[in-house]
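The next block holds one structure in the form of structure tokens; read it before the comments.
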2 protein chains.
Amino acid sequence: MAVGAGNRNPEAGPASQQDMRRQNLAVVLGTVADAVAGQGPLSRADVAGLTGLTRAAVSSLVDELIGRGALTELETAPSGRVGRPGRALAVSSCGPAGLGLEVGVSHLGACVVDLRGESRVWRRVERANAGRPARRVLAELAELGAEAQAEAAGLGLHVEGRVLAVPGVVPTARQGLIEHAPNLGWHAVRPADHWPDPDTVPVPENEANLGALAEYWQAEHGAETFVHVSAEAGIGAALIVDGQLFRGARGFAGELGHIPVDPDGVPCPCGARGCLEQYAGEAAVLREAGLAATADPVVLLADRAAAGDPAALRALDRAGRALGLALASAVNLIDPDALVLGGAYAELGEWLLPAVRAELAARVTVRPWDPEALHCSALGRRGALLGAALLTVRRIIADPTLLPVA
Amino acid sequence: MAVGAGNRNPEAGPASQQDMRRQNLAVVLGTVADAVAGQGPLSRADVAGLTGLTRAAVSSLVDELIGRGALTELETAPSGRVGRPGRALAVSSCGPAGLGLEVGVSHLGACVVDLRGESRVWRRVERANAGRPARRVLAELAELGAEAQAEAAGLGLHVEGRVLAVPGVVPTARQGLIEHAPNLGWHAVRPADHWPDPDTVPVPENEANLGALAEYWQAEHGAETFVHVSAEAGIGAALIVDGQLFRGARGFAGELGHIPVDPDGVPCPCGARGCLEQYAGEAAVLREAGLAATADPVVLLADRAAAGDPAALRALDRAGRALGLALASAVNLIDPDALVLGGAYAELGEWLLPAVRAELAARVTVRPWDPEALHCSALGRRGALLGAALLTVRRIIADPTLLPVA
DNA sequence: GGTGTTTGTCAGGGCGGAAAACAAATTAGT
DNA sequence: ACTAATTTGTTTTCCGCCCTGACAAACACC
């Protein structure tokens, strides 16, 4: 009898038969979606065996999922085993899809991901968005999104949800509001107020959170609980706990940038002293490396480091040690399966990782710690946009009744 | 569409009608249990209105809950309102109960809590358990537990589960094993191997976790997400996230004691430098205050501080500042609703709180922070034993089918 | 005492999964 | 080539659970 086992959330309302159906639809669809990589396509009987449902129940559920366009029956391939061969099931590669949109400081992006999680349309254009009026930026993004949606329609995909990744604070309580995006110069922007077409308004979400979710949904490491660090302007961490994004009581969880790494160190604009951001933030690293801010300072820094520039290497080493110190606190508190460096950090990983690893090894001592648990994201800066599109897809897989019954 | 909304755990198995029934039984019982304090006892119709279930369904569920001994029908009191008066429902004060057991360094404890969460039997005896063979300690505890259970039987209570609070590591993976309890000198102790009566073997659980759960279940502050700090020999934190104990990927979450508060500070036996434990741990505070270890050093320290001893006050201030620094990291990462000082810290709160508050105010700057969110536990050192008994009770409320149908 | 209101229960129906039987499609064996 | 064995997918029957609607019971108000 482990603590927490069986302690379902008492706030959850009563269960109805529709909830049961919904849950079982999700179980069947999720089983097919997750097992694709495993051992070839599944049949109804396979799904029944894996889930514990009856073949009859699975048949009924699969019929409904096909009717909603979530599943497809493939051509039956000879299996070689004795007995009647099963009809192969697969998540539809044409049909429902998710549209992801992104506003960055220097770019706009749009992508469409199908139910299998594969990116089918990808658009990215460079734009200097800082300081531009939100209305203009969003109008241009809407255009880009419409193009992507049209291209997806040509592939047989139908967009079922739209999510907008923004580098800013999107409070949990006030749906649809971008409270503050310092790098863009946005305050209290509500996309719905500026979007040209009221039928295609996207839901905003913080880009670091989306990047972490993309990492969880797509990455190879099967970590269910991990910390995803991303540095754009500030240093933010997104916490994935048991496969769920953890936002904290008020949505401010993961403020890694203001963890104290040197209690009496340099003052930070936030008012405290010795915040991580003053040691491992973009501005601090550039200053230490003796570089001026440019259009893409991350690439510049990576080039200098690759060329063996001692100042750049020293700056990155110092940043890595500070980051490692802060992450040691995170490991001690959260005990994650993995630590993932994403966003800009992913591209500097080669020079950051040794210092971070060394600091972690020295500071995480009271539990087993695998150095390989710290690694760089394979998605890099694509994570946020991918996550935005995947969010819709994963919501559909978690609740296929969101799809129209056709 | 908030991130995480509707993302139910895909690992969850299929739902059956029994699951639905179980859930609805829990909803009804939980509604009656939680609303007792609100506005007098509830009737079936009240429960139906609160939960959204039909009166007919509630009737059926209530009948089953009465049959299992979880609910009781009270004498109908005149309500004064028009219409047929409802039959008042209440959680049984006699019937199912939870037994809590505790092994401390200097005491043994046992208590019985009824389904309402009220402590009905409380036993605590002083014993120097450090270094004694586990078999002897557990035999004596079993005796104490049997006495408590007998006394509870006299009150009409029937013990449905037994939980043992221990100051040590109880891994999630290996059920029923106390891996290591340094203060007791125990290694790899499995209570089942030493318990006299195989029918009453308790399940061990870490006392800090249980203290935090007791705080959550009993405390007035309605925080769903908080950090509960307890200092016995080491400094441990238990994290309650959305009303659930968060253990981390491997069960090591909450190691507050080894968060670095001074990166190049004094070396710690763990191998790192500047760990919180070296500044705010019991041994460090006593040393700083110029006191020798005694039977109950916490009381000694509190006496000195109350008397205005400058060394004691200085030591507590230093500890408080170090604790505040570490907690600032926790707040930045977790964004909890509250921070609770429990265990021995609760008794020293008067002298610790100002320094902790000051440090938090200086370090938690990038979000709203209410100084009152930090407070001391009202349960103090009773929390662990209470939590052990409550764990069974809360499990029953979360799943009433655990009770025999009578 | 009659009326209106609220409560608790009962009967009927629908929904959804389980169990068992059955038809279909393939391989293995002779 | 033909039968037996095996596995799959569907059909049928059954059961559990909640919902809808109706009804008796118990109170306040007039």
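Each chain gets a letter, A, B and so on, in the order its sequence line appears, and its residues count up from 1. Note that this is a predicted model, so its numbers are computed, not measured.
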Per side chain to side chain contact (heavy atoms under 4.5 Å, CB included), A:V112 is matched among A:V393, A:L157, A:L155 by A:L157
Distance-only polar pair, side chains of B:S92 and B:T72, donor-acceptor under 3.5 Å: yes
Check step by step if side-chain contact (heavy atoms from CB on, under 4.5 Å) holds for B:F246 and B:I240. CA-CA 6 Å; B:F246 174 72; B:I240 304 288; over 6 Å; no
First locate atom CG of B:L25, then atom CG of B:L65, and finally report the distance between them rounded to the nearest 0.5 Å. 5.0 Å
Tightest non-hydrogen contact, residues A:S93 and A:R120, listed as O-NH1, 2.6 Å
Just the rounded figure in Å: distance from C1' of D:dC15 to CE of A:M20. 12 Å
For residues A:S43 and A:D46, is any side-chain donor paired with an opposing acceptor at under 3.5 Å? yes
For A:L61 and D:dG9, give me the distance from atom CG to atom P, rounded to whole Å. 14 Å
What are the 5'-most and 3'-most nucleotides of DNA chain C lying under 4.0 Å from any heavy atom of chain A? C:dG14 to C:dT27
Interatomic distance, CD@A:E73 vs CG@A:D63, rounded to 0.5 Å, equals 8.0 Å
Would you please say whether a donor-acceptor pair under 3.5 Å links the side chains of B:N209 and B:E205? yes
Can you tell me how far C1' of D:dC18 sits from CG of B:L25, to the nearest Å? 13 Å
Rounded to the Å, how far apart are A:R44 CZ and D:dG9 C1'? 7 Å
Cationic N near anionic O, under 4.0 Å, B:E160 to B:R395: no
Assign each of A:S16 and A:D46 to its nearest nucleotide of DNA chain D by heavy atoms, then name whichever residue's nucleotide is nearer the 5' end. A:D46
Quick one: label B:S60 by what it contacts on the DNA or RNA (base, sugar-phosphate, nothing), any heavy atom closer than 4.0 Å. nothing
Measure the distance from CD on A:Q18 to C1' on D:dC17 and round it to the nearest whole Å. 13 Å
Using heavy atoms to find the nearest nucleotide of DNA chain D for A:D63 and A:A15 separately, return the residue whose nucleotide is more 5′. A:D63
Below the 4.0 Å mark, does D:dC17 have OP1 or OP2 next to a side-chain nitrogen or oxygen of B:N24? no
Contact letters for nucleotides 20-30 of chain D, in which S counts primed atoms plus P, OP1 and OP2 and B counts the base, heavy atoms under 4.0 Å: B---BBBBS--
Rounded to the Å, how far apart are A:L42 CG and D:dT8 C1'? 14 Å
